[in-house]
Amino acid sequence: MAPDRLKVLEARTRYEPADVESRIFARWWDAGIFHPEPEGTPEENFSIAVPPPNVTGSLHMGHALNGSIQDLCARVARMRGKRTKWIYGTDHAGIAVQRLVEKALAEEGKAKEELGRDGFIERVWEWRRQHGSTITEQFKRLGASLDYEDERFTMDDDYQRAVAGVFVHLYEKGLIYRDYYMVNWDPGLGTAISDLEVEQRTVEDTLYSIDYPLESGSGSITVATVRPETMLADTAIAVNPDDERYSRLVGETAILPLVGRRLPVIADEHVDPEFGTGALKITPGHDPADFEIGRKHGLEEVSVIGEDGRMTDAAPERFRGMEADEARAAVVAELRDEGLVSATEAYVHDVPHSHRSGRRIEPLISLQWFCDMNDLARPAMEVVRDGRLRFHPERPWTDVYTNWLENIRPWCISRQLWWGHQLPVWYRGGETYVGVEAPEGDGWERDPDVLDTWFSSGLWPFATLGWPEDTPALRAFYPTDVLSTARDIIFLWVARMVMFGIELTDDVPFSDVNIHSVIQAPDGRRMSKSLGTGMDPLELIDRHGADALRFGLLAMSSAQDVRFNEERVKQGRDLANKLWNASRLILLRVSDVEPDAGAAATVEDRWIVSRLERLTGRVTELYDSFRFSHASLDLYGAFWSELCDWYLELAKPRLYEQDNEAVSAVLLWALERTLRLLHPVMPFVTEEIWSLMPEAREGERGLLATADWPVAGEALIDERAEAEVERLMEAVTSLRRYRDEVSAKPSAIVRGRLVADGYEGLREHLARLARFELLDEDASDGDVLATVPIPGGGVQVLPSDAFDPAEAERRRSARRAQLVAEIERAEHKLSNEQFVERAPAEVVAEERRKLEEYREALRRLGAE
RNA sequence: GGGCGCGUAGCUCAGUGGGAGAGCGCUCGCCUCACACGCGAGAGGUCGCUGGUUCGAACCCAGCCGCGCCCACCA
């Protein structure tokens, strides 16, 4: 009769995650493992900052994968006895959240202008109160050991002060400045966005060739454009300086049709003589390349399209107020009337679009705030060179990161939004004031713009710990240890945290950056809600359990992108169940002893101890080097095949005996070791089983989550035991295969004689696992039907009623043919003189050994 | 235009110089007192193609063919 604590084991032949997970989570919570006190130093502590999810978001597969990875890191650190803080919080996600709330308002038939800025922002906070905890609860379902009690938000008061302080600091250093410059204008959102928020999409446009008459009256010059409406803002025509067709025209003047402006013909090497006519209309106000050329040549900058997407007063009166599209049609119509459109052709090319709204970017000259990045980028490259910051995997991400920093450009940081960190900038007449607090005196007007969300995200690892104040949390946990994310935000976020971290805290914000797979939909497309290709991690947790999802995600992900594969999750579910059942076998049978590898009494005991010790070293190394899929799959394989399929089967007879202390101690040790190693991957089921272990030791067993991480050593490695059991396993498999091949009845015992060396103490195992009756070598009992080769010899099969002897003969000829083929292969290889001479001696020796083995086996087979 | 990655068993993927691996699926046999989310035994790949280096190549080099991603101011 099992003790009370084991009733659940006895009753359940299946592991039921739903019955366990919330209870186990509550135990962790109550024990306070999530929330460390801010003590000690960053060197002795471990910290990792979660990439803050969108405050209104919900858990998607990427969160689930990265959550599993970070939780694994945190749990290993915690088991190593480190004070571990996994910094938690959410991001205000300016553009995304503002859009969301605007949409909700629109459904009520309201525009944000009706509420006014303050009213609108209050609505957003209200929204956050309603939806802000969704993802937090979902992280809990995953088992994430985040520090929930110390949750941060990028719009917290102190966080806002930190952001403003950084702005002021960089402004005073001269790195932040305000300028009229070409920006990516998102007409959908009505704001400027940064280069990184722009994506290229292939579109089909019409390429118009337009003739611009020369002032001299001696003909015209033809330019090509896909945006005829911007011609109204042309201020020059450019040709390549080496283009002889046009060299005599350089310095001449053309007349801009419809407008009449005089356009100088200039030379610039940017112009490709091969493209179109080789002449380029220059529109500094509406094209980034033209803008550069314009500044270089000191050209006038005319803006005919405004931020509202309509034609401005700078355009001829008849076009003013038109949408750009309308203006295009009108311009083309007029040009055709004047006979100036000399050609049109369909033209497919890549055009910048807003990543956020999906709208085509309108390049505009706009008064915006910028941050010069050169001085910040230099030290951020340096820390990678000197190894203070390491990417995992190192290639290609180190180079990707470095290349981007080498070519970094000014960052447009102002956004024409309401939701976010409003710029700490005030104007009065011609005065500008920049400060954390509002200026004294009357008449100051605050800049209405807010900062790019990534500006505040860039402070995440230290602002969450209280920076710029010298807080205990900052002293204990900064710099952090690991940062884990997908590659898509290496530039947007990772690089900026490094730059800001070094600039503001004089330290790298983390020492290791893990870049994980992007999980695609099963069909290979991007997983996304809008495509309908998303999959809900919560649903998978409901179906298979959190441990299963964690295992599946970790096992399927590596450095490469990977298609989501629910089979891997099921594999995790099966593993949890197998763990549960192996534990049933062990815990319901063992006597009340302490786990003890030193109790190993037999060769198979020493074997499993040795194997688990090796596994410990391997898994530790894989965890530490961020190779989580290998670690997960190695654990799976070792547990399933070595511990369950072999050791538990070998140990059963002794376990069933009354006097089973020794094997109990080894079994408990093996189970305990397995649970420790697997806990970072599958925390729930391992913790549950841990709680059912006998309380043989002094005092409380405590939580697995805070149990010691095992350290692998040499002392328990036993190569001899490993080799012996290896042979046993081979022998068992050979005999089982024989049984199968001759169609022996599953339950019947086959009689045979063991004629082989090296099975001292293993004979009983061999007989039992293979279902053979093994007689002594000298037992003379009937004709030998066949000899099954096993390492060190063979087993002579004797007649019995377990199978039909005719099957045996068929099988023997097949085996003979196979051995002949193997011998030929080996002989061929060894007859190659170059192989024998040049290959390493041990390789050649191994080949010779195999050849001898095959010959020996054939000899025995043919001997009967 | 520049850069990076991928193409290995029916499917999803490991595997960076010494005789091809995992999970699922498939075949055969088993409800064997932990587990049928299980047990045992199997079948199944000219490692995209073509050359090269090497005693030896899925692995290194070159070219080619198919996918995919990132960066980039050719209208």
Side-chain angles (χ1 to χ4, degrees), chain A residues 9 13-15 182 195 200 205 207-208 223-227 230 238 270-272 274-277 279-283 287-293 347 349-350 352 363 395-397 399-400 403-404 407 487-488 490-491 518 520 522 524 544 548 552 555-568 570-571 573-589 629-630 633-634 636-637 644-645 648-649 652 656 732-733 736-741 743-747 769-771 822 825-826 829 832-840 842-844 846-847 850:
Chain A
L9 270 182
T13 61
R14 267 194 207 181
Y15 174 65
M182 174 68 54
D195 296 339
Q200 303 294 327
D205 278 327
L207 185 66
Y208 298 87
V223 300
T225 180
V226 295
R227 301 201 57 197
T230 65
H270 169 259
V271 181
D272 177 5
E274 304 295 317
F275 189 91
T277 59
L280 176 63
K281 73 194 247 323
I282 300 299
T283 320
D287 182 278
D290 294 4
F291 178 78
E292 298 291 339
I293 294 173
Y347 183 61
H349 62 152
D350 288 345
R395 284 163 309 172
W397 308 120
D399 292 338
V400 169
N403 290 342
W404 184 73
N407 300 302
R487 60 162 191 277
D488 53 349
I490 291 177
F491 308 146
V518 173
Q520 301 168 333
H544 306 304
M556 77 177 82
S557 74
S558 61
Q560 294 297 325
D561 288 357
V562 69
R563 296 178 185 208
F564 182 80
N565 180 201
E566 189 165 343
E567 294 309 322
R568 283 291 187 207
K570 287 184 185 158
Q571 192 183 346
R573 175 203 62 186
D574 294 348
L575 176 57
N577 188 57
K578 188 77 172 174
L579 266 174
W580 178 253
N581 277 294
S583 303
R584 293 180 67 219
L585 171 65
I586 295 169
L587 296 177
L588 290 170
R589 300 278 183 171
S629 65
H630 280 97
L633 293 170
D634 274 10
Y636 176 95
C644 293
D645 291 348
L648 292 184
E649 294 306 322
K652 270 177 183 175
Y656 291 150
V732 169
T733 303
R736 283 171 174 169
R737 187 186 309 120
Y738 180 83
R739 294 182 60 104
D740 209 59
E741 281 166 358
S743 301
K745 297 181 200 99
S747 54
L769 295 181
R771 287 181 179 270
E822 291 288 7
R825 187 198 58 76
K829 198 161 185 175
N832 179 348
E833 284 177 24
Q834 290 186 307
F835 172 74
V836 176
E837 279 170 27
R838 303 207 196 182
E842 61 269 24
V843 174
V844 178
E846 174 65 9
E847 201 58 40
K850 282 186 209 158

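Note that the structure is predicted; figures quoted are calculated from it, not measured. Numbered from 1 within each chain, the chains take letters A, B, ... in sequence-line order.
In this entry the distance linking CD of A:E566 with P of B:G25 reads 13 Å, nearest Å. As a whole-Å value, the separation of A:L769 CG from B:A41 C1' is 15 Å. The separation between A:Q520 atom CD and B:C13 atom C1' is 13 Å, rounded to whole Å. Put simply, CZ on A:R584 is 13 Å from C1' on B:C37, counting in whole angstrom units. As rounded to whole Å, 11 Å separates atom C1' of B:G38 from atom OH of A:Y636. Atom CD in A:Q560 sits roughly 18 Å away from atom P in B:C67 (whole-Å rounding). Separating the CD atom of A:E567 from the P atom of B:U12 is a distance of 12 Å, rounded to the nearest angstrom. When the P atom of B:C71 is taken as reference, atom CG of A:D488 falls 10 Å away, rounded to whole Å.
The aromatic rings of A:Y347 and A:F275 lie perpendicular to each other, with more than 60° between the two planes, well past the 30° mark.
Within the model, atoms CG of A:D574 and OH of A:Y636 stand 6.0 Å from one another, a figure rounded to the nearest 0.5 Å. Put simply, CD1 on A:I586 and CG on A:N581 are 11.0 Å apart, with the number rounded to the nearest 0.5 Å.
RNA chain B is contacted by both A:R14 and A:V562; A:V562 maps to the nucleotide lying nearer its 5′ end (nearest heavy atom per residue). Toward the 5′ end of RNA chain B lies the nearest nucleotide of A:P396, the other residue of the pair A:A582 and A:P396 mapping further downstream.
A donor-acceptor contact under 3.5 Å is formed by the side chain of A:E649 with the base of B:A34. A:K570 contributes no side-chain N or O that forms a donor-acceptor pair with the base of B:C37 under 3.5 Å.
The partner of B:C6 is B:G66, by the rule that a Watson-Crick or G-U pair needs both atom distances under 3.5 Å. Pair assignment for B:G21: B:C13, on the basis of Watson-Crick or G-U wobble contacts that are both within less than 3.5 Å. Of all nucleotides present, only B:U27 satisfies the Watson-Crick or G-U wobble test against B:A41, with each distance under 3.5 Å. Across the strands present, B:C60 finds its partner in B:G52; the criterion is a Watson-Crick or G-U wobble pair with both atom distances under 3.5 angstrom.
Here the separation of B:A43 from B:G21, taken at their C1' atoms, is 16 Å to the nearest Å. Atom name C1', nucleotides B:C24 and B:C37: the rounded distance is 13 Å, in whole Å. Atom C1' of B:A20 sits at a distance of 10 Å from the matching atom of B:A9, rounded to the whole Å. Here the separation of B:U53 from B:C69, taken at their P atoms, is 37 Å to the nearest Å. Nucleotides B:C11 and B:C35, compared at atom C1', are 27 Å apart to the nearest Å. Look at the P atom in both B:A22 and B:C39: the space between them is 15 Å, to the nearest Å. Between B:U16 and B:A58, the two P atoms lie 14 Å apart (nearest whole Å). Distance check on atom C1': B:G48 versus B:G66 gives 8 Å, rounded to whole Å.
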Requested in this report: Decide side chain to side chain contact (heavy atoms under 4.5 Å, CB included) for A:D290 and A:M182; before the verdict, give the C-alpha distance in whole Å, the side-chain angles of both, and the deciding distance to 0.1 Å.
Outcome: CA-CA 10 Å; A:D290 294 4; A:M182 174 68 54; over 6 Å; no

**Report entry** side chain to side chain contact (heavy atoms under 4.5 Å, CB included) between A:W580 and A:T13, worked out
**Finding:** CA-CA 8 Å; A:W580 178 253; A:T13 61; over 6 Å; no

Query raised in the report: Can A:T283 and A:R227 be said to form a side chain to side chain contact (heavy atoms under 4.5 Å, CB included), step by step?
Result: CA-CA 10 Å; A:T283 320; A:R227 301 201 57 197; over 6 Å; no

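The shortest distance between the side-chain N/O atoms of A:S558 and the OP1/OP2 oxygens of B:A14 is below 4.0 Å. Between A:K652 and B:A34 there is a side-chain polar atom (N or O) within less than 4.0 angstrom of OP1 or OP2. Regarding contacts with the backbone of B:G40, every side-chain N or O of A:K745 stays at 4.0 angstrom or more from both OP1 and OP2.
Side-chain atoms of A:R589 lie closest to B:C33 of the nucleotides B:A14, B:G38, B:C33. When distances are taken from the side chain of A:N577 to each of B:C35, B:C69, B:G40, the shortest belongs to B:C35. Side chain of A:R395, nearest nucleotide from B:C30, B:A34, B:U16: B:U16. Distances were taken from every side-chain heavy atom of A:R573 (C-beta onward) to each of B:G23, B:C37, B:A41; the shortest belongs to B:C37.
At a threshold of 4.0 angstrom between heavy atoms, the contacts of A:R739 with the nucleic acid are absent. Base contact: A:R568 has a heavy atom under 4.0 Å from a base atom. Nucleic acid contact for A:Y656: sugar-phosphate only, since backbone atoms but no base atoms lie under 4.0 Å from a heavy atom of the residue. Looking at heavy-atom distances under 4.0 Å, A:R563 makes contact with sugar-phosphate atoms alone, never a base. Within 4.0 Å of A:S583, counting heavy atoms only, lies no atom of the nucleic acid at all.
Counting heavy atoms from C-beta outward, A:D287 and A:I293 have side chains that stay 4.5 Å or more apart. Between A:R568 and A:S629, the closest side-chain pair of non-hydrogen atoms is not below 4.5 Å. Residues A:Q571 and A:L633 meet the side-chain proximity criterion, which asks for heavy atoms closer than 4.5 Å. The shortest distance between side-chain heavy atoms of A:D561 and A:R487 falls below 4.5 Å.
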Tabulate atom names and distances for all N/O pairs under 3.5 angstrom spanning the protein and nucleotides 73-75 of chain B.
{"residue": "B:C73", "atom": "O2", "partner": "A:H270", "partner atom": "NE2", "Å": "2.8"}
{"residue": "B:C74", "atom": "O2", "partner": "A:D272", "partner atom": "OD2", "Å": "2.9"}
{"residue": "B:C74", "atom": "N3", "partner": "A:D272", "partner atom": "OD2", "Å": "3.3"}
{"residue": "B:A75", "atom": "OP2", "partner": "A:Y347", "partner atom": "OH", "Å": "3.1"}
{"residue": "B:A75", "atom": "O2'", "partner": "A:A224", "partner atom": "O", "Å": "2.5"}
{"residue": "B:A75", "atom": "N6", "partner": "A:D272", "partner atom": "O", "Å": "2.8"}
{"residue": "B:A75", "atom": "N6", "partner": "A:F275", "partner atom": "O", "Å": "2.7"}
{"residue": "B:A75", "atom": "N1", "partner": "A:D272", "partner atom": "N", "Å": "3.4"}

